[in-house]
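Have a look at the structure below before the remarks.
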There are 2 protein chains.
Amino acid sequence: MSARPRTTTRKKPTQARSQQTVDALLGATARVLKKDGYDRMSTNKVALAAGVSIGSLYQYFPSKEALVATLMERHVDEMDALFAQEAVRVADMPLAQAVRAIVLRTIEAHQIDPVLHRVFEQVPRIGRLQKFDEVQERARVLVFLYLSASKEKLRPKSLEVAADLVASTIEMVSHGAVLRHPERLRDGVLVDETVDLILRYLKA
Amino acid sequence: MSARPRTTTRKKPTQARSQQTVDALLGATARVLKKDGYDRMSTNKVALAAGVSIGSLYQYFPSKEALVATLMERHVDEMDALFAQEAVRVADMPLAQAVRAIVLRTIEAHQIDPVLHRVFEQVPRIGRLQKFDEVQERARVLVFLYLSASKEKLRPKSLEVAADLVASTIEMVSHGAVLRHPERLRDGVLVDETVDLILRYLKA
DNA sequence: TAAGGATGCGAGCTATCACTCACATTAGCA
DNA sequence: TGCTAATGTGAGTGATAGCTCGCATCCTTA
């Protein structure tokens, strides 16, 4: 009864001009996704928007989910790269500087493609699409590691809870600012307030 | 070309045993939604799960969206009621008590049906379904009003920004705690930390 | 320039979707 | 008890979804 939509594995995308096709498909996926959202997006629409036949789409992506997941992974990798990079830079900075640097980087990361980011949040957490949540998990770990390095200077007893609170707060502020109040990023007020919030909480 | 799925207005649900049908449908909607998510939920599945014919479903709900929106509005009203009630209780409490009371109430509100709440977050913001975001907007307003009443005692210059930060933080903590770390709610540690975070930020 | 693999195509398949409608059943009131 | 409005039914409709497959075209290599 209705076998799972099994799909054979697809060609590796990479050889000459086929990469163009794949890029066009991913670009179109992003556009359709942003316009229609996940459940109104269809693979036929994507192929049409990409100027590519539906057959070619399925040559490289075995399913709608795989198509969106690939795009999501690209997005997530971009964000992760920024975080990882900043984590290194920040490692031996004093707390106040470090917090500010991380807040700024997180905002930057959210500015990569805020609308697409928002769409991903509303995608069903199925199969590979679950990976979206892992960005925040990794960010939490980085914050935890940073805090652990200077735990004797910090007030909160539980670093797990503190790291969670701090990482989630930064994520929440960045997300909200970029999507709902971009004007608050012009002057530095929101950033200052956020840094303040976090420092007052952390410092002994 | 493909007229919008116009649907005639439906019977008012209320008269005798028909209310049972409506309740069964909304209950089934919640179950299917939680199991499958919005885009894999179908009206046929809901009718089946409710033990009601598909015809009856459309007698009371003109569309899939209306079905989900009705359920969402019920959920949102429940949460709003808790907030509004607490806002009154808290109005002339001192800051520390008030913050703690609000945090506790927000957690309580998120415990109404956390999984359903999560599903609503991932529903496309279309038509009546946009109303989901308004809960937080109303919560922000309540916090802003509370803070305005004692603004001379507070450190942050911008009450808009502060109220936003505070309301969003409380929402984020409650949401995360209920879904990802329910064990942290056993002892009061997370609540204490959150109250601390907010008070240190607000107090001069 | 011939051959063959890589790439591209799109009509069309099956399943499922949201939704309708002609009809059956029930319930309350005369 | 009989009549009528309210309620319930589910086979069926057209649309569209995800996805396949046989074939055309391009590109590389020899």
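Quick note: numbers below take in every heavy atom, side chains included, and nothing from hydrogens, waters or symmetry partners. Letters A, B, ... mirror the listed sequences (proteins, then strands); counts begin at 1.
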Dot-bracket pairing map - DNA chain C, Watson-Crick plus G-U, both contacts under 3.5 Å, | cross-strand: |||||||||||||||||||||||||||||.
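- Heavy-atom distances to DNA chain C give each of A:Asn44 and A:Gly51 a nearest nucleotide, and the one nearer the 5′ end belongs to A:Gly51.
- OP1 or OP2 of C:dC9 sits under 4.0 Å from a side-chain N or O of A:Ser56.
- In this structure, CG of A:Leu25 is placed 14 Å from C1' of D:dC19, rounded to the nearest angstrom.
- For the pair A:Lys64 NZ and D:dT16 P, the interatomic distance rounds to 15 Å; values are reported in whole Å.
- The phosphate of C:dT20 (OP1 or OP2) has no side-chain N or O of B:Tyr58 nearer than 4.0 angstrom.
- Geometrically, A:Arg125 does not engage A:Phe132 in a cation-pi contact defined by less than 6.0 Å to the ring centre and at most 45° from the axis.
- In this model, the phosphate group of C:dT7 is approached by a side-chain N or O of A:Ser18 to a distance below 4.0 Å at OP1 or OP2.
- In this structure, the CD atom of A:Gln20 is 13 Å from the C1' atom of D:dC26, given to the nearest Å.
- The only member of B:Val166, B:Val143, B:Leu95 that meets side-chain contact (heavy atoms from CB on, under 4.5 Å) when paired with B:Ile198 is B:Val166.
- Heavy-atom distances to DNA chain D give each of B:Val52 and A:Glu65 a nearest nucleotide, and the one nearer the 5′ end belongs to B:Val52.
- Between B:Gln59 atom CD and C:dT25 atom P the separation is 16 Å, expressed in whole Å.
- The aromatic rings of A:His75 and A:His117 sit tilted, their planes meeting at an angle between 30° and 60°.
- Close to D:dG8, at under 4.0 Å from its OP1 or OP2, lies a side-chain N or O of B:Tyr60.
- Using modelled atom types, one finds a donor on one side chain and an acceptor on the other under 3.5 Å when comparing A:Thr70 with A:Arg128.
- In this structure, CE of B:Met41 is placed 18 Å from P of D:dA17, rounded to the nearest angstrom.
- Here the C1' atom of nucleotide D:dT9 and the CG atom of B:Leu48 are 14 Å apart, to the nearest Å.
- OP1 and OP2 of D:dG18 both lie 4.0 Å or more from every side-chain N or O belonging to A:Ser63.
- For a distance-only test at 3.5 Å, the side chain of A:Asp39 fails to qualify as a donor-acceptor partner of the base of C:dC17.
- Side-chain atoms of B:Thr43 and B:Tyr58 include a donor-acceptor pair closer than 3.5 Å.
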Side-chain donor-acceptor pairs under 3.5 Å in residues 156-163 of chain B, sequence neighbours left out?
from	atom 1	to	atom 2	distance (Å)
B:Ser158	OG	B:Val161	N	3.1

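- Separating the CG atom of A:Leu67 from the C1' atom of D:dA17 is a distance of 15 Å, rounded to the nearest angstrom.
- An OP1 or OP2 oxygen of D:dT16 is reached within less than 4.0 angstrom by no side-chain nitrogen or oxygen of A:Ser42.
- For B:Tyr38 and A:Gln122, the side-chain atoms include no donor-acceptor pair closer than 3.5 Å.
- The separation between B:Lys45 atom NZ and C:dA15 atom P is 16 Å, rounded to whole Å.
- Phosphate proximity of C:dG8 to A:Thr21: present, with a side-chain N or O under 4.0 Å from OP1 or OP2.
- Geometrically, A:Arg155 engages A:Tyr201 in a cation-pi contact, judged by NZ or CZ lying under 6.0 Å from the ring centre and within 45° of the ring axis.
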